[in-house]
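Shown next, in structure tokens, is the structure this report addresses.
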Amino acid sequence: MEFRKILRNKKRIVVKIGTSTLSFENGRINFHRLEKLADVLSTLRKKGIQVVLVTSGAIGVGAARIGMTQKPRELNLKQALAAIGQAELMKMYQKFFEEHNQLVAQVLLTKDVVTIHRRNQHARRTLDRLLDMGIIPIINENDTIATYEIEFGDNDSLSAIVATLIEADLLVILSDIDGLYSADPRMETSAEIIHSVFEITPELEQLASGAGSSFSTGGMVTKIAAAKMCMQAGLDCIITNGSEPAVIFDILEGKKVGTHFVAGQQHIINHA
Amino acid sequence: MEKSKRQFRIVVRIEMATLINRDGKINRKKMDRLAMVLSNLNNSGKQIMVVSSGAIVLGSEKLNLSSIPGSKLDMQATAAVGQVELIRSYQRFFDEYGQIVAQVLVTSDIVEYPSRIENTRNTFDMLLSMNIIPIVNENDPVSTTDIELDDNYPLALKVANIARADFIVIKSATNGYYCIVQGNGKPAVEVENEITLQEKIEELCKGITPARLDSSGIVFPVSMEEICPR
């Protein structure tokens, strides 16, 4: 497990938290978890590690704000709820980070802003500057104005695109599943977590898309795609259970948690 | 709440600098007054949209900068910090009147893409139909064009045209008067205070149809500065 050691030297990391991790099953926000996350990320920042947070959850928070109990389906309604909820969500993050005297900033992205080279340097420079100032940028998709041609689709992809854009050296995807399993753990008792992945093979992608293997909204498929994007760009990616955000400390100590998608190791597969 | 089919739509352009004390902190009294007036207009059946500057000013305060940053890059970073403060302030003051607000950040090139105009208009329509006040600002942190401090006249115009608003209200930084720009081409009207603003708007709405219900649509003047000097 030598390659886990490389995670001890990470200096610029992107942490992605999904809706299922920051809220309860009923869709309402889990304040306690947000508080812990803010604690962990502020501590990392104090240790000199640059941190970017990619967060989902705006629509759920917006729905709760106006007292909606059902999950919205209509696009216009979702966008309106995102506009309400993003403001609320940032207020909560700011409150929790302020307890640690940690400044945060909000950066809302649409795909055209980060994938078109001519334009993405603006977003990159702003993020670089914020990180240099010791600020934790909190990123989300700009749902309110995103049309199909400029939407990322899911925040797993968004987090990988951001990690690549700012040349981070690690992406941590906090999910409600412990990592990638060798089989569906609910169906087969023999299913084991795969701790290291050196190459994303068609078999692996098949495994991720298998029935029942996607517990969270984004599912494992989009997470594997994000991991693949990272590996291709030469940065490590970890998919792990985020119910205890302190797991990020374990990851950065090189402990064997979650599934580690190892960057640039395709040629030494047999060393596993 | 009763839903009227004839709701007029008003874009209110706020220059945050007029609501900030010399020490860089928000003037609570002025902000509270504004929140009350706009919540009241909303209660009277008008649909209110706010176009507000102030992310850079509030960001500078948050970062303890002695002055507004000079470079575009520093402005963008400061805006990313300050927008959080900006929207939080609006939330806090509007909450006193039970009024929910939403944040809409648009990039300046939005008007070049019909699909984005349509999409943004739909979002505005939805928010307004829910009695929510959208707080609109430019998405400065990722902007590719120049950032002009506190100059969101052009944005207010874009928003008014996208949302097919009937009026744009601008508060003067010099004498504090409210200037009401009419989308139907009639001359702008100036009023002294909040009470007269409410009355004047009621008066102007009489005998006309909300712009977006007219097939002809509306066009706001290209330069409001000629009509409402600052």
Side-chain angles (χ1 to χ4, degrees), chain A residues 58 62 65-68 74-91 93-95 97 103-110 112-114 116 118-133 135 137-139 142-151, chain B residues 55 59 62-64 69 71-92 100-107 109-110 113-136 139-145 162:
Chain A
R65 178 71 178 89
I66 63 159
M68 250 184 84
E74 194 194 338
L75 176 69
N76 288 340
L77 180 58
K78 281 190 194 171
Q79 292 185 311
L81 292 175
I84 303 163
Q86 177 66 27
E88 290 286 320
L89 190 60
M90 281 312 299
K91 185 171 80 177
Y93 274 122
Q94 198 190 37
K95 183 188 180 322
F97 277 100
L103 279 173
V104 296
Q106 170 188 251
V107 180
L108 297 183
L109 299 173
T110 40
D112 56 334
V113 170
V114 281
I116 300 171
R118 175 174 54 85
R119 306 195 57 179
N120 69 12
Q121 292 309 305
H122 294 270
R124 178 187 170 143
R125 282 193 214 112
T126 303
L127 289 168
D128 274 345
R129 178 55 57 100
L130 288 167
L131 290 169
D132 289 343
M133 290 161 85
I135 292 163
I138 301 182
I139 298 180
N142 197 358
D143 288 314
T144 305
I145 64 155
T147 48
Y148 69 93
E149 80 269 27
I150 55 166
E151 73 178 6
Chain B
K62 187 81 182 167
L63 292 165
N64 289 319
S71 77
K72 184 193 168 188
L73 183 56
D74 284 327
M75 277 193 188
Q76 290 184 295
T78 308
V81 174
Q83 178 65 28
V84 185
E85 287 294 316
L86 182 73
I87 200 75
R88 194 178 179 180
S89 305
Y90 278 109
Q91 280 174 326
R92 191 177 299 149
I100 301 180
V101 298
Q103 171 187 250
V104 178
L105 295 183
V106 298
T107 34
D109 61 359
I110 188 167
Y113 303 88
S115 64
R116 291 187 206 177
I117 293 176
E118 187 65 29
N119 197 45
T120 307
R121 176 183 294 144
N122 288 342
T123 303
F124 287 143
D125 284 349
M126 181 61 77
L127 288 167
L128 295 169
S129 73
M130 293 158 87
N131 272 324
I132 288 160
I133 298 183
I135 312 288
V136 189
N139 197 358
D140 284 333
V142 299
S143 168
T144 54
T145 51
I162 289 172

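This is a predicted model, so every value here is computed, not measured. Chain letters run A, B, ... following the sequence lines, proteins first and then strands; every chain starts at 1.
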Is chain B contacted by the side chain of Arg124(A), its backbone, both, or neither, given a heavy-atom distance below 4.5 Å?
-> neither
Among Gln79(A), Arg125(A), Lys78(A), Gln94(A), which has the most heavy-atom pairs under 4.5 Å with chain B?
-> Gln94(A)
Salt bridge (charged side-chain N to carboxylate O under 4.0 Å, His left out) contacts touching residues 78-87 of chain B (sequence neighbours left out) | Lys62(B)-Glu85(B)
Determine the option with the most heavy-atom pairs under 4.5 angstrom with chain A, choosing from Asn122(B), Val81(B), Leu73(B), Val106(B).
-> Leu73(B)
So which of Ile135(B), Ile132(B), Asp125(B), Thr123(B) has the biggest tally of heavy-atom pairs under 4.5 Å with chain A?
-> Thr123(B)
Answer yes or no: is there a side-chain heavy-atom contact under 4.5 Å between Thr126(A) and Val142(B)?
-> no
Please name the pair of heavy atoms, one in Ala83(A) and one in Leu127(B), separated by the smallest distance, quoted to 0.1 Å.
-> CB-CD1, 4.0 Å
How many angstroms lie between CD1 in Ile100(B) and CD in Glu88(A), if you round to the nearest 0.5 Å?
-> 8.0 Å
Whatever's closer than 4.5 Å to a heavy atom in chain B on Gln121(A) counts as neither
Heavy-atom check, side chain of Leu77(A) versus side chain of Met130(B), under 4.5 Å = yes
Minimum heavy-atom distance between Ile135(A) and Leu63(B), given as atom pair plus value | CD1-CD2, 3.7 Å
What's the shortest heavy-atom distance between Val107(A) and Ala80(B), and which atoms?
-> CG2-CB, 4.2 Å
Looking only at heavy atoms, which two atoms of Ala87(A) and Ile87(B) are closest? And how far apart?
-> CB-CG1, 3.6 Å
Backbone N or O of Leu108(A) within a donor-acceptor pair of the Asn139(B) side chain at under 3.5 Å?
-> yes
Of the backbone (N, CA, C, O) and the side chain (C-beta and beyond), which part of Asn76(A) lies under 4.5 Å from a heavy atom of chain B, both, or neither?
-> both
Which of the residues Leu105(B), Val104(B), Thr120(B), Thr78(B) is involved in the greatest number of heavy-atom pairs with chain A at under 4.5 angstrom?
-> Leu105(B)
For Thr107(B), side chain to side chain donor-acceptor pair (under 3.5 Å) partners two or more places apart | Asp109(B)
Can you measure from CZ (Arg88(B)) to CD (Gln106(A)) and round to the nearest 0.5 angstrom?
-> 13.0 Å
Could you check if a side-chain atom of Lys72(B) sits within less than 4.5 angstrom of a side-chain atom of His122(A), using non-hydrogen atoms only?
-> yes
Calculate, to the nearest 0.5 Å, the distance between atoms CD and CE belonging to Glu74(A) and Met126(B) respectively.
-> 4.0 Å
